[in-house]
Amino acid sequence: MRAVDCPCGLTLTGNSDEELLRRAFEHRDQHHADDNIPDEFVRETVVKNARDITEGATTSTP
Ligand SMILES: [Zn+2]
């Protein structure tokens, strides 16, 4: 699985980068609707910060 941390502290997860991106957009629309975060910022954040995680885990191990 793939995971990325939102700047608000929430960890988003998905089975692929594509799903992760979709989740990130959903999260932005639901939780940051008033922040006017551009699509490009969401995409960059996911691409730069996405990491592999073990299935079932919500945190990464170094
Ligand atoms: Zn957030």
Side-chain angles (χ1 to χ4, degrees):
M1 285 183 74
R2 302 283 285 162
V4 68
D5 295 321
C6 180
C8 76
L10 204 96
T11 300
L12 307 170
T13 58
N15 290 318
S16 63
D17 282 7
E18 212 173 64
E19 189 181 341
L20 197 56
L21 198 56
R22 214 157 45 228
R23 292 274 174 84
F25 282 127
E26 278 177 17
H27 173 73
R28 179 199 59 180
D29 293 344
Q30 288 173 6
H31 296 266
H32 305 289
D34 297 332
D35 295 339
N36 293 316
I37 301 169
D39 286 3
E40 198 54 37
F41 179 84
V42 176
R43 201 171 284 121
E44 272 180 22
T45 300
V46 171
V47 168
K48 283 180 188 168
N49 301 317
R51 63 182 188 271
D52 287 314
I53 57 167
T54 311
E55 197 158 345
T58 52
T59 55
S60 68
T61 46

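Each ligand, and each atom within it, is numbered from 1 in the order the structure gives. The structure presented is a predicted model; accordingly, all values stated were derived computationally and were not measured.
With a 4.5 Å cut-off on side-chain heavy atoms, D17 and V46 do not count as touching. For the pair C8/H31, no side-chain contact is recorded, criterion being any heavy-atom separation below 4.5 Å from C-beta on.
Within the protein, the number of N, O or S atoms lying under 2.8 Å from the Zn ion (ligand 1) is 4.
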CA sep, side-chain torsions, deciding dist, call: L21, R43, side-chain contact (heavy atoms from CB on, under 4.5 Å): CA-CA 7 Å; L21 198 56; R43 201 171 284 121; 4.2 Å; yes

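The CZ atom of R2 sits 4.5 Å away from the CG atom of D52 when rounded to the nearest 0.5 Å.
Between A50 and V4 the shortest heavy-atom distance is N-CG2, 4.0 Å.
Using a 4.5 Å cut-off between side-chain heavy atoms of Ile, Leu, Val, Met, Phe, Trp and Tyr, with links allowed through other members, F41 and L20 fall into the same hydrophobic cluster.
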